[in-house]
Every structure is written in C-alpha cells, then in structure tokens.
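What you are looking at is a predicted structure, and each value in this text was computed from that prediction instead of being measured. Hydrogens, waters and symmetry mates are skipped; everything else that's a heavy atom, side chains included, is used. Chain letters run A, B, ... following the sequence lines, proteins first, then strands; residues in each count from 1.
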2 protein chains.
Amino acid sequence: MPQHPADTTAETPIFRQIVDHLRDRVLKGELTAHTPLPSERSLAESFDVSRMTARRALEALDAEGLSYREDRKGRFVSPKRIIYNISDMVSFAAKAQARGDALEIELVSQGTIPADARLARALELPEATALHRYTRLFRTEGHAAFIETEYVLASRFPDLLTHDLRQSSTRLLEQHYGISPRTGDITIRMRAMQPDEASLLGLAPYHPGIALEQVIRDGDGSAFCFGSQIWRGELAEFSAQAIVGEPV
Amino acid sequence: MPQHPADTTAETPIFRQIVDHLRDRVLKGELTAHTPLPSERSLAESFDVSRMTARRALEALDAEGLSYREDRKGRFVSPKRIIYNISDMVSFAAKAQARGDALEIELVSQGTIPADARLARALELPEATALHRYTRLFRTEGHAAFIETEYVLASRFPDLLTHDLRQSSTRLLEQHYGISPRTGDITIRMRAMQPDEASLLGLAPYHPGIALEQVIRDGDGSAFCFGSQIWRGELAEFSAQAIVGEPV
DNA sequence: GAATCTATCTGGTATATACCAGACTCGTTT
DNA sequence: AAACGAGTCTGGTATATACCAGATAGATTC
C-alpha cells in the first residue's frame, strides 16, 4: 500500500503532486542542504507510481533549483545560493577569500592560443592575437560552484602562466603587473551545461546553468581580459546596484 | 529504415547524438527563429528510436535555450535573445518603446494588498502596509517574454491603479507623481517557472526561467517599489557595466 | 460566407521493463 | 591494518505501449 496515495482523479497530474509534496518538505526545512532526497525507486514505491513518474517529479525539483543530482550518487537538497555582486566583479574571489569563505580554486587547464573570431571581437583585437587561456574550477565548502575560463593578452602579461593561478586573478594582475582601476562589461544568460562542463562539476549533462561573460578594461578603456563563467544555476544569485540618471 | 541511423555501439548515448545533430542544424541557420522543430514522433521515426528517446533529445535542446515548446502545438527554434540592460533598469519598457521595438504590455491582474513579511522586508516597511499590486505580461513581436509583478506604496501613489497600466511604469510614476532620480537593487537567479506562470506565457510547466527582482528607491533612498519578473530563460540576456574602484 | 464536424497533428501523462555502470558498504582475505 | 570482492545502492539509457486533450486544417453542412 502506498504511503502517500496519489489522487489520480484530480486534474493535477500525479507527478506535480509529488513535486509539491517534496517542495514543501524542502521549504519547511525538513530536508536541509546536501541532505539526500528520496531515490527515484523509493519515491516511486512510496507514492505507488512508476519509477519514470517519480523521476519526472525529481527532475522538476532540479529545474526549480531546489535539488541537484550527482551521477549515480543520488539527489540532494540545494544549499543556500552564493551571492555574486556584479559591482565587485572580477574581485569575487579576492572578496570571498578576504571574508574567510572557503573558496577553493583548482586549475583545470592552461595554455596560449591565437584569438578566434569571437574572442577577437570581444577584446577588440585582431584575430590570431596571442592570448593566455586558463580554466579554473571554483568550489565553496567542498562543492563545485562554477567553471571559469579567462583569456588575457599575452603580450601584456607574458609570464602570467608561470604564476600560481589558484588565487584571485584580480590580485595576481595587480601584484605582478600593477593594473589600475578598471571597468567591465558583463552579460548574464541561462544556458544548460554541456556534458563536459557538467562532468567537471560532477553533475548530470544539461544541468541548468547560468553563463556570465565579462570583458575587463584598464583605466584607458582598452580590453585586456575576457572571462567566461558557467555557474550551477541553482547555486548562483547575481546582485547589482544601479543608479539611474534623470531620464530625458 | 531509419534516415539517420544512430550509432548504438559508440559510447556517447543516442539521445546526445540527436541533440548534437539538431544543435548543428539550428546553429547553421538551417532552422530559423520560430520555425517548428521535428515533432517527437517524426524525430523518433527518422532516427529509429523510441519516442521517449527523441523526447529526451528535444528536452535537452530546450534546456540549452535553443528551442522552446508550446503546449500541444510543437517545438520551435528560439529567437535571438532580448538584451536587458540592468543599468537602464526600470526604464526597460520606456527604452524599448522609444526605440520602436514592438513591446506589448498586457495587464493580467491588479489589486491592493497588505504587505506580507517578504514584501515588508524588501521595502523596509512595517507589515500590512497597503501596496498596490499589478501583474503584467510583456510581449515582443507577438511572443510572450516575461511576467512582471510590481508592488508600490499605496499611500504615496493613491490613484495609481486608475491609470492605464499598459505603459512603462517608470514613465507613469514620472508623469503623474514626479519621481526624482532613483537607485535600484537588483538580484537575478535561475528558477523554473511554476505551472501557472508557464501557462500564462503559453509554455510547458517547469520551463527554465530567470527571475529578476528589484527594489526601486527615490532620491532620498527610501524604497517605494518592489518588482519581480520571471523571464523565459532562453530569451533573456542581462547586461551591465561595472566600474571598479581601486581595491585596497 | 459562416459555423460545424472530423481526422489528424501535437505534446502530456503514465506504466512496465530491461540492462548498464559507477558508488558504496561490509565482510572476507591477505 | 590494508586489500579485495560481492552485493546492493544510485542514477543513466533505452524500448514499447497506452490513452488523454488541446490545436489545426480541411471538408461538410447550414
């Protein structure tokens, strides 16, 4: 006998009833961050539905950002979101580390490449200009949060890749190259992760994500760095303060 | 005989091969904005897979933001994203309309309510303060893009709801109440749509979305408006310019 | 010409089943 | 104590099937 009989006569689909039930439990705090959710099979049994129906309910929870799944390990309740203040921009890592937040940075890969059409356009450079490229994985409290790939002008920072890249790149560029105050153009959009990105973060392919791209400029307004981040969608929260001038 | 035989011996799952195939066709421009994608059944037939497998491929495309589906109508190629500049903030509608973009606003519902705990906190007001609430649906070129609900201080704008709300609320507040320059706090996060939101936008439940919340303040820094938007994830792109002071 | 009917298209929901592969636990062996 | 292995847990992939309900287009009827 099912522990939670689903109301098949109601017009609301069974799997949504299960979604609502689970959402309640999460929001009431009955299930806390990183706690395992019921597995697909056990959920199916307790609601007396097929595994596929239970799965659909859990996938909806994933989409809502209330849970995430790790390959062949299970589903877990999402932790509180990480607030990324856009005005802090590049110095996110520096700020987080200064606050004492456990922010670990792992270098995934690095190299020097010629700028392709997209990078050349973003950085306002001729194509094939040499760029240092490094990809890093950012973790908070042991949980992977986002991947960042930065491209910086090789001519301006020739020996960049010889430094320890497991630190705030803002601080790196400051300490070794004395960069002055800068501006940045940022764009944010939703985009599911590609299988390779998801696997780096230990997540299922097509995990919902948020992509953040930024072009960083020096005091003279010339671009020297292009950064591309892909965040776990359920983990990211972007904040900004806008000051609006008198509209004409 | 399948038109596109899937390679079952390869280590990459069949449905991902289909995703890659479809993504190619979309990115190559073979399928243009709002063009119907192959239906689940026809895709299943042409790749000689079950409908469920075809469906998984199409759902992955949805998650990537390359397609969207309308209930019982079909799946369609996503149009170009709408760029929302955070610095323009509240005046998005005004700007779009000034540019001549076809931005239609439909009033969904309105009323006056007491502030609940969440609203009171956001607006820094005592609970139960009277607020005007109105929900509007924004369309570009006939396609629903996002829903916005705004809450404004009823005491300060007593007869707000008697005006035509199918226009930029920035302009409304300016023309009738003479609001001076203002600042705004914005937060952005990924969140699947609730079934009711999705149905308003003509989309499937749990459609990936991006929520944007903003608190708008007058020249004195006192909050007078709280706005909450839910965008179709595949349609939204947020841009911002940040100016970073010299870090200590 | 307008309204209606109908066949067929679409996705939506749901079940039952099968096998795979990685992760994990626990007991046994070395 | 460390290494190994078996059994069992997890989600991942895939098939086949069934019926529902809204959308749509075309033919028929009024």
- Task: Classify the angle between the aromatic ring planes of B/H143 and B/H34 as parallel (below 30°), tilted (30 to 60°) or perpendicular (above 60°).
- Result: parallel

Taking C/dG12, D/dT15, D/dG12 as options, the one with an atom nearest any side-chain atom of B/D71 is C/dG12

* Please state whether the phosphate of D/dT15, meaning OP1 or OP2, lies under 4.0 angstrom from any side-chain nitrogen or oxygen of B/T53. => yes

Here the distance between atom P of D/dG11 and atom CZ of A/F76, to the nearest Å, is 8 Å

task: Look at the side chain of B/R51 against the base of C/dG12 and say whether a donor-acceptor pair falls under 3.5 Å; ignore hydrogens and angles.
output: yes

Applying salt bridge (Lys or Arg N to Asp or Glu O under 4.0 Å) to A/E141 and not counting sequence neighbours gives none

A/R41 has its side chain closest, among C/dG11, C/dC19, D/dT13, to C/dC19

With the side chain defined as heavy atoms from C-beta on, A/E40 is closest, among D/dA14, D/dG12, C/dG12, to D/dG12

Practice task
May I ask you to evaluate whether B/R56 reaches the phosphate of D/dG12, defined as a side-chain N or O under 4.0 Å from OP1 or OP2?
Solution key: no

Notebook entry, point to check: Do the ring planes of B/F138 and B/F146 sit parallel (below 30°), tilted (30 to 60°) or perpendicular (above 60°)?
Noted result: parallel

Q | Short side-chain N/O contact from B/S39 to OP1 or OP2 of C/dT10, under 4.0 Å | A | yes

Of the listed C/dA14, C/dT13, C/dC19, the closest approach to the A/R16 side chain comes from C/dT13

Picking from C/dG11, C/dT15, D/dG12, the nucleotide nearest the side-chain atoms of A/V49 would be C/dT15

Per nearest nucleotide of DNA chain D, the residue lying toward the 5' end, A/M52 or A/K73, is A/K73

Per atom distances to the A/R75 side chain, the nearest of D/dG11, C/dG11, C/dA14 is D/dG11

Closest to the side chain of B/P13, out of D/dA14, C/dT13, D/dA23, is D/dA14

Closest non-hydrogen atoms of B/A63 and A/Y206, given as atom of the first, atom of the second and distance, are CB-O, 4.2 Å

To the nearest angstrom, the NE2-C1' distance between B/H207 and C/dG11 comes to 15 Å

Separation of C/dG12 atom C1' from A/R55 atom CZ, nearest Å, is 18 Å

To the nearest angstrom, the CG-C1' distance between A/L203 and D/dG11 comes to 13 Å

